[in-house]
Amino acid sequence: MKINRYARASIAAVLLLAGCAHTPTGPSVMVLAGSGKSIEQFQADDNTCRQMSAQELARTPGGEVPAQRRYDMAYMQCMYAKGHQVPVPGGRSGYNSSTPPPPR
């Protein structure tokens, strides 16, 4: 009976820990198509940036930054570099590579 309880507790602990560490399957941030960009261009750039973000996540250690946050940062940087709009919390509706940031 004791071995059975130990086995159950071990399995439960493994399942609990497995549920905590997950690999992002996509961005959790919103990015808007840049001015003059077609939906086809946006979708192509989105696919490219998703792949790049997943590769970056696999290539670099996480430290204390959660995987989803690192994925989102890489994704936003990639989409911004391709000329798409990345909304800024508490700021203007969004920036793209042709929109200079406001002075500080």
Side-chain angles (χ1 to χ4, degrees):
M1 220 30 173
K2 288 181 183 180
I3 294 173
N4 194 14
R5 285 185 189 166
Y6 179 74
R8 285 185 194 172
S10 296
I11 291 171
V14 168
L15 291 174
L16 181 64
L17 289 174
C20 293
H22 75 286
T23 302
T25 57
S28 66
V29 294
M30 179 177 64
V31 174
L32 306 170
S35 298
K37 297 277 187 169
S38 69
I39 190 67
E40 291 80 15
Q41 288 172 312
F42 179 83
Q43 289 171 337
D45 291 343
D46 176 67
N47 286 332
T48 299
C49 290
R50 285 173 185 251
Q51 289 174 357
M52 189 276 309
S53 299
Q55 291 170 354
E56 182 68 22
L57 193 62
R59 195 172 35 241
T60 57
E64 295 196 18
V65 180
Q68 184 68 54
R69 179 77 178 126
R70 290 186 299 131
Y71 183 99
D72 289 345
M73 288 187 293
Y75 176 78
M76 287 188 299
Q77 290 171 353
C78 179
M79 291 296 280
Y80 181 84
K82 292 186 176 291
H84 298 288
Q85 297 180 20
V86 178
V88 179
R92 291 174 29 192
S93 61
Y95 295 113
N96 63 30
S97 57
S98 63
T99 305
R104 292 187 174 234

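Values below: every heavy atom of this structure, side chains too, minus hydrogens, waters and symmetry copies. Given the structure is predicted, the values throughout are model-derived calculations rather than measurements.
A distance-only check finds no donor-acceptor pair linking the side chain of Gln77 to the backbone of Asp72 [under 3.5 Å]. Counting only distance, with no hydrogens or angles, the side chain of Lys82 and the backbone of Cys49 share no donor-acceptor pair below 3.5 Å. When atom types are taken as modelled, the side chain of His84 and the backbone of Gly34 share a donor-acceptor pair closer than 3.5 angstrom.
Residue Leu57 comes nearest to Pro24 through the heavy atom pair CD2-CD, 3.4 Å, listed as atom of the first residue, atom of the second, then distance. Between Ser53 and Ala74, the closest heavy-atom pair is OG-C, 3.5 Å. Considering every non-hydrogen atom in both Met76 and Val31, the closest pair reads CG-CG2, 4.4 Å. Scanning all heavy atoms of the two residues, the minimum distance from Met52 to Cys78 falls at CE-CB, 3.4 Å. When all heavy atoms of Gly36 and Gln41 are compared, the closest pair comes out as O-OE1, 3.7 Å.
Listed by chain and residue number, nothing satisfies the salt bridge (Lys or Arg N to Asp or Glu O under 4.0 Å) test with Asp45 (two or more places apart in sequence, or in another chain). The salt bridge (Lys or Arg N to Asp or Glu O under 4.0 Å) test applied to Arg70 returns no partner, not counting sequence neighbours.
Neither side chain, Gln43 nor Asn47, offers a donor N or O lying under 3.5 Å from an acceptor on the other.
Cluster annotation: Val29 and Tyr80 are assigned to the same hydrophobic cluster (Ile/Leu/Val/Met/Phe/Trp/Tyr, side-chain heavy-atom contacts under 4.5 Å, transitive).
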